[in-house]
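Single-structure report; data block below.
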Amino acid sequence: MTEQTQPEPTGTVISERDQRRIVAAMMAMPYAASSRVPKPWTAMGEAVTADAVVAFLDGLAEVLTEVGTENDQHRRRLFSLEADVEAFRRLIGTAPAEVTP
């Protein structure tokens, strides 16, 4: 049994114009401003490497995961506060009447 190897890619897979658009999109990401998100540096005419894109996405995923966790905590706290307000309104008699079927 012989092992087949994939040929090494030759040439540019993504056009220079698309690479510029990718870098511009990376820089425009709101959460990419974190120091934990490595921004790819490219000289004029130099290709963006796949490693740079992967590092950017890994850093962005880490930051977004943290932001999502914080948002979940804030949402749970808000629901708790809303429940407290409703309980207080029932206690003082200002809660709307509940409709029973």
Side-chain angles (χ1 to χ4, degrees):
M1 187 171 200
T2 61
E3 189 175 317
Q4 292 183 343
T5 59
Q6 293 291 331
E8 289 294 318
T10 57
T12 303
V13 177
I14 300 174
S15 72
E16 190 175 318
R17 177 178 173 267
D18 286 342
Q19 287 186 36
R20 284 192 308 270
R21 290 176 60 211
I22 289 169
V23 171
M26 289 170 143
M27 298 308 155
M29 286 294 298
Y31 294 100
S34 169
S35 62
R36 293 179 294 168
V37 180
K39 279 54 144 211
W41 180 87
T42 56
M44 279 302 236
E46 188 175 311
V48 178
T49 66
D51 290 340
V53 173
V54 169
F56 173 84
L57 293 175
D58 284 346
L60 188 60
E62 179 183 324
V63 170
L64 291 177
T65 298
E66 185 178 297
V67 168
T69 300
E70 290 173 5
N71 284 344
D72 288 344
Q73 290 171 349
H74 292 302
R75 188 175 296 115
R76 282 193 296 275
R77 180 71 180 136
L78 177 63
F79 288 147
S80 175
L81 290 171
E82 287 174 344
D84 291 348
V85 167
E86 286 303 312
F88 183 74
R89 290 179 73 197
R90 284 192 300 275
L91 182 68
I92 63 172
T94 60
E98 292 186 28
V99 177
T100 56

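None of these values were measured; they are calculated from a predicted model.
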Spacing of CG belonging to Asn71 relative to CG belonging to Leu78, to within rounding of 0.5 Å: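 Rounded to the nearest 0.5 Å, the CG-CG separation comes to 11.5 Å.
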Can you tell me how far apart CD (Glu86) and CG (Leu81) are? Round to the nearest 0.5 Å.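 If I round to the nearest 0.5 Å, the distance is 12.0 Å.
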Side-chain donor or acceptor of Thr65 paired with backbone N/O of Ala61 under 3.5 Å: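 Side chain of Thr65 to backbone of Ala61: a pair is present.
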Of Arg76, Arg75, Arg77, which is the lone residue that meets side chain to side chain contact (heavy atoms under 4.5 Å, CB included) with Gln73?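 It is Arg76, the one option of Arg76, Arg75, Arg77 that forms the side chain to side chain contact (heavy atoms under 4.5 Å, CB included) with Gln73.
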Which residues pass the side chain to side chain contact (heavy atoms under 4.5 Å, CB included) test with Asp58, sequence neighbours left out?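 Once residues adjacent in sequence are excluded, the partners of Asp58 under the side chain to side chain contact (heavy atoms under 4.5 Å, CB included) criterion are Val54.
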Counting only heavy atoms from other residues, nucleotides and ligands, does the tally under 6.0 Å from CZ of Arg89 exceed 12?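 Yes - once you tally the heavy atoms of other residues, nucleotides and ligands closer than 6.0 Å, there are more than 12.
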Side-chain contact test, heavy atoms from C-beta onward, threshold under 4.5 Å: evaluate it for Arg21 versus Asp18 and give yes or no.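 Yes, their side chains come closer than 4.5 Å.
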Please list, chain by chain and in numerical order, all residues satisfying salt bridge (Lys or Arg N to Asp or Glu O under 4.0 Å) with Asp84, sequence neighbours excluded.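 Partners of Asp84 by the salt bridge (Lys or Arg N to Asp or Glu O under 4.0 Å) criterion come out as none, since no residue qualifies.
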